[in-house]
Amino acid sequence: MAIQTLKRCPCNGDNLERFIQPIILIILSHGSCSGYSVVKQLAAYPLLQNSPPDTTGVYRQLKQMEEKGSIAALNYPDENGKLKKHYQITADGLNCLANWSQTLIDYRTNITM
């Protein structure tokens, strides 16, 4: 495999979209926050190597997670009285996060065997 091809390989962490959901759940397990805050925290998350996530994709993921019931969206007024959407993790989301934790442990165990 050519070195250029390997640089874009998921083995180097290039394609981490599938890990966006558990990271969002981790972020929201620490408290509710706006979608903007989720995007900012994702960008700083070590697994994403300080590369900014696709904002549209994050909001799409938040919507899908809300539809599945793993997060809930609540409207809060900002300092100007304008309603802003904040997300919080639900009981189903906490269960999902626990499942992710076990799945990732299982992946690690199977890779290191």
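Computed from a predicted structure; not experimentally measured. The basis for the numbers below is simple: all heavy atoms, side chains too, and nothing from hydrogens, waters or symmetry mates.
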To the nearest 0.5 Å, what is the distance between [atom1] on [X] and [atom2] on [Y]?
X	Y	atom1	atom2	result
T56	Q61	OG1	CD	13.0 Å
Q21	K68	CD	NZ	6.5 Å
K84	S37	NZ	OG	13.0 Å
T55	L42	OG1	CG	9.5 Å
I26	Q41	CD1	CD	11.5 Å
L104	F19	CG	CZ	5.5 Å

May I ask whether [X] and [Y] are part of the same hydrophobic cluster, defined by side-chain heavy atoms of I, L, V, M, F, W, Y residues being less than 4.5 angstrom apart, directly or through others?
X	Y	answer
I105	I23	no
Y76	I71	no
V38	L83	no
L74	L62	no

Identify the two heavy atoms, one from [X] and one from [Y], that lie closest to each other, and give their separation to 0.1 Å.
X	Y	answer
I89	S29	CG2-CA, 4.0 Å
L25	C96	CD1-SG, 3.8 Å
N75	K85	OD1-CA, 3.7 Å
V39	P53	O-CG, 3.8 Å
Y87	Y59	OH-CD2, 4.4 Å

For [X] and [Y], indicate whether the former's side chain and the latter's backbone hold a donor-acceptor pair under 3.5 Å.
X	Y	answer
D78	N80	yes
S32	H86	no
T90	S70	yes

